Amino acid sequence: MKAETFLNVIGSDFYTGVPDSQLKALCDYLMDTYGIDGKRHIIGANEGNCTALAAGYHLATGRVPLVYLQNSGEGNIINPVASLLSEEVYGIPIIFVVGWRGEPGVKDEPQHIYQGKVTRKLLDDMGISSFVIDPGVTEDHLRSVMADFRKYLECGKSVAFVVRKGALTYDREVKYENPYTLRREEIIEHIVKASRGDVVVATTGKAGRELFEIRERNGESHETDFLTVGSMGHSSSIALGIALNKPERKVWCVDGDGAVLMHMGSLAILGSHRPSNMVHIVINNGAHESVGGMPTVADEIDLAGVAKACGYPYVATLSADNEQDLVNKLDRELEGAAERDKLSFIEIKAAIGTREDLGRPTTTPVENKVNFMKYLQDSL
């Protein structure tokens, strides 16, 4: 079904969410049609943020908004659904559109398997009736379902459409670009060189995949690296937990702008504890690139200024008019971070883009955990 047909049948006129590759057609249509105008469409920091934003829209207009998310974001909506939207509290209706990663019987990455199993159960437990959109659903069938759902919405209850892979389409190609030239994988190569056997915690998405392949190309062990394959926005907190309990080790966190925005409160906790053995690097391409390239607001705000205000003793932002100047600045900053005995925050403005043949780690998350923990216990 075409994304525009799907949205026309649903009938909402305000949309907010966190992008998902399973919902790329929907996200592309919204970006192509509305951009991020604040009136019809906003990409939020996390799914709970979007749910509260949608609730505010309903309070102001009386109309029913739509919130889109990957099923991994269901955990972020539980609090506002249970303590704000619930008909036993305020009775605020929202239509959720959920990308079904890890659907049982469909091959997917390890971090999606369990989430896929419990996707509809979580919705049921929250009192949200759901309907599965598959590639064969017809417009007439969807209209019939929506007619039933409106009865729930009129009673202050929320509903959800759970979208299978390939169920929604959009005919136009939407390109996401920025003015920067140095790609994330090239930046991570420089980080690997500077870290020289230190601990590296990589954020969710393509950063971890690129780190894994860089180690493979270099003939290096993966034991120093923890690849945060799920739990978006929490890699810096994982790194903090390691840094505080292994003060003799330098810990590098390779983060992304979308991840930092998702749980920005972690910067305050990091800044208040100020582990002298930690380097927090944010590769900022202003995009949710791992799920399609839709924009974040990170290129419009001063992330280094936020980190400084949160108590980071050293902050820097790197950008340059040409790639070689940026590489030179990057190497100097990374060398300084390796030697510096204070918590450091380094933001690097990066291009959007990933090579087509990027693979995935050939080890399981459990193998990664076991080898990483052994390294921490045995080394030094």
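Note that the coordinates shown come from a computational prediction; the quantities given were computed from them, not determined experimentally.
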Query - salt bridge (charged side-chain N to carboxylate O under 4.0 Å, His left out) between Arg196 and Glu339, worked out - result: CA-CA 12 Å; Arg196 296 188 291 270; Glu339 300 299 325; 3.6 Å; yes
**Report entry** Lys/Arg-Asp/Glu bridge criterion (N-O < 4.0 Å) met for Glu213, Arg209
**Finding:** no
Report task. Start with the C-alpha distance between Phe212 and Thr362, add both sets of side-chain angles, then the distance that settles side-chain contact (heavy atoms from CB on, under 4.5 Å), and finish with yes or no. Result -> CA-CA 9 Å; Phe212 188 91; Thr362 55; 3.3 Å; yes
Query raised in the report: So, Asn71 side chain and Val98 main chain: donor-acceptor pair closer than 3.5 Å or not?
Result: no
Query raised in the report: With side chains defined as the heavy atoms from C-beta onward, is the minimum distance between Leu7 and Leu30 less than 4.5 Å?
Result: yes
Query raised in the report: Out of curiosity, does Leu23 fall in the hydrophobic cluster containing Val9 (side-chain heavy atoms, cut-off under 4.5 Å, transitive links)?
Result: yes
Report task. Measure across Leu123 and Ala160 and return the closest heavy-atom pair with its distance rounded to 0.1 Å. Result -> CD1-CB, 3.9 Å
Query raised in the report: Hey, does the side chain of Ser158 reach the backbone of Ile95 with a donor-acceptor pair shorter than 3.5 angstrom?
Result: no
Report task. For side-chain hydrogen bond (donor to acceptor under 3.5 Å, both in side chains), just list the numbers for Glu88 and Ser86, CA-CA rounded to whole Å, side-chain angles, deciding distance to a tenth of an Å, and then say yes or no. Result -> CA-CA 5 Å; Glu88 296 184 36; Ser86 171; 5.0 Å; no
Query raised in the report: Under 4.0 Å between a Lys/Arg side-chain N and an Asp/Glu carboxylate O for Asp125 and Lys121?
Result: yes
Query raised in the report: Is there a side-chain contact (heavy atoms from CB on, under 4.5 Å) between Ile191 and Leu211 once you walk through the steps?
Result: CA-CA 10 Å; Ile191 295 170; Leu211 174 60; over 6 Å; no
Query - Atom pair CE/OG1 of Met1 and Thr138 - distance to nearest 0.5 Å - result: 6.5 Å
Report task. Tell me yes or no: between the side chains of Asn328 and Gln324, is some donor less than 3.5 Å from an acceptor? Result -> yes
Requested in this report: Side-chain contact test, heavy atoms from C-beta onward, threshold under 4.5 Å: evaluate it for Ile43 versus Thr296 and give yes or no.
Outcome: no
Query raised in the report: Counting N and O atoms only, with roles assigned by atom type, does the side chain of Ser235 sit under 3.5 Å from a partner on the main chain of Ala202, one being a donor and the other an acceptor?
Result: no
**Report entry** For the student: nearest non-hydrogen atoms of Arg63 and His58, plus distance
**Finding:** O-ND1, 2.9 Å
Requested in this report: Mark yes or no for whether Asp257, through its side chain, and Gly286, through its backbone, hold a donor-acceptor pair below 3.5 Å.
Outcome: yes
Query raised in the report: Near Lys157 NZ, under 6.0 Å, is it more than 12 heavy atoms from other residues, nucleotides or ligands?
Result: no
Requested in this report: Scan side-chain atoms only and decide if Glu347 and Asn284 contain a donor-acceptor pair under the 3.5 Å cut-off.
Outcome: yes
Query raised in the report: After noting the C-alpha distance and the side-chain angles of Lys206 and Glu185, does the key distance pass the side-chain contact (heavy atoms from CB on, under 4.5 Å) rule?
Result: CA-CA 9 Å; Lys206 292 181 179 178; Glu185 186 168 6; over 6 Å; no
Query raised in the report: Are any side-chain N or O atoms of Asn368 and backbone N or O atoms of Asp225, one a donor and one an acceptor, separated by less than 3.5 Å?
Result: yes
Requested in this report: Quick one: closest heavy-atom pair of Val199 and Tyr375, and the distance?
Outcome: CG2-CE2, 4.4 Å
Query raised in the report: For the side chain of Ser195 and the backbone of Val192, is there at least one donor-acceptor N/O pair under 3.5 Å apart?
Result: yes
Query - Criterion salt bridge (Lys or Arg N to Asp or Glu O under 4.0 Å) against Glu103, the qualifying member of Arg120, Lys117, Arg164 - result: Arg164
Report task. Drop me the distance from Ser21's OG to His288's NE2, to the nearest 0.5 angstrom. Result -> 12.5 Å
Requested in this report: Decide whether Gln115 and Gln70 meet the rule of one side-chain donor and one side-chain acceptor closer than 3.5 Å.
Outcome: no
Query raised in the report: Any sub-3.5 Å donor-acceptor pair from Ser12's side-chain atoms to Val64's backbone N or O?
Result: yes
Query raised in the report: Just wondering, more than 12 heavy atoms not from Lys246 lying within 6.0 Å of its NZ?
Result: yes
Query - Heavy-atom closest contact (Ile348 atom, Leu330 atom, distance) - result: CD1-CD1, 3.4 Å
Query raised in the report: Side chains of Tyr180 and Leu326: closer than 4.5 Å at any heavy-atom pair?
Result: no
Query raised in the report: Between Asp20 and Arg101, which heavy-atom pair has the shortest distance, and what is it?
Result: OD1-CG, 4.2 Å
Query - Criterion side chain to side chain donor-acceptor pair (under 3.5 Å) against Lys349, the qualifying member of Asn178, Asn285, Asp299, Thr181 - result: Asp299
Query raised in the report: For the residue pair Met278 and Ala239, what are the closest heavy atoms and their distance?
Result: CE-CB, 3.7 Å
Query raised in the report: Rounded to the nearest 0.5 Å, what separation is found between the CG atom of Asp28 and the OG1 atom of Thr169?
Result: 11.0 Å
Query raised in the report: When clusters are formed by joining ILVMFWY residues with side-chain heavy atoms under 4.5 Å apart, either directly or through shared neighbours, do Leu261 and Ile352 land in the same one?
Result: no
**Report entry** Aromatic plane relationship, His141 with Phe131 - under 30° parallel, 30 to 60° tilted, over 60° perpendicular
**Finding:** perpendicular
Query - Distance flag, aromatic centroids of Phe6 and Phe161, threshold under 6.0 Å - result: yes
Query raised in the report: side chain to side chain contact (heavy atoms under 4.5 Å, CB included) with Trp100: which of Val132, Ile133, Val163?
Result: Val132
Query raised in the report: Is any side-chain N of the basic residue among Glu210 and Arg183 closer than 4.0 Å to the acidic one's carboxylate O?
Result: no
Report task. Measure from the side-chain N and O atoms of Glu289 to the backbone N and O of Gly353, and report whether any donor-acceptor pair falls under 3.5 Å. Result -> yes
Query raised in the report: Linking I/L/V/M/F/W/Y whenever their side-chain heavy atoms sit closer than 4.5 Å, directly or via other members, would Ile188 and Leu334 fall into one cluster?
Result: yes
**Report entry** More than 12 heavy atoms of other groups within 6.0 Å of Arg217 CZ
**Finding:** yes
Query raised in the report: Nearest 0.5 Å, what's the NZ-OG distance between Lys250 and Ser344?
Result: 6.5 Å
Query raised in the report: How about Glu333 and Tyr314: does a side-chain donor come under 3.5 Å of a side-chain acceptor?
Result: yes
Query - Co-membership, hydrophobic cluster, residues Met264 and Leu240, 4.5 Å side-chain - result: yes
Query raised in the report: Going only through I, L, V, M, F, W and Y residues with side-chain contacts under 4.5 Å, is there a path from Ile281 to Leu227?
Result: yes
Query raised in the report: Parallel, tilted or perpendicular for Tyr34 and Tyr29, by the 30°/60° rule?
Result: perpendicular
**Report entry** Close side-chain approach of Arg249 to Thr224, heavy-atom, < 4.5 Å
**Finding:** no
**Report entry** Interatomic spacing from CG in Asp13 to NZ in Lys39 - rounded to 0.5 Å
**Finding:** 12.0 Å
Query - N/O donor-acceptor pair under 3.5 Å between Thr204 side chain and Gly230 backbone - result: yes
Query raised in the report: Are Asp171 and Lys2 side-chain neighbours, meaning at least one heavy-atom pair lies under 4.5 Å?
Result: yes
Query - Spacing of Leu66 atom CG and Thr16 atom OG1 [to the nearest 0.5 Å] - result: 9.5 Å
**Report entry** pair Pro93-Tyr152: side-chain heavy atoms closer than 4.5 Å
**Finding:** no
**Report entry** Stepwise side-chain contact (heavy atoms from CB on, under 4.5 Å) check, Asp255 with His280
**Finding:** CA-CA 7 Å; Asp255 219 339; His280 189 182; 2.8 Å; yes
Query raised in the report: If you measure only the distance, is there a donor-acceptor pair under 3.5 Å linking the side chains of Asn371 and His222?
Result: no
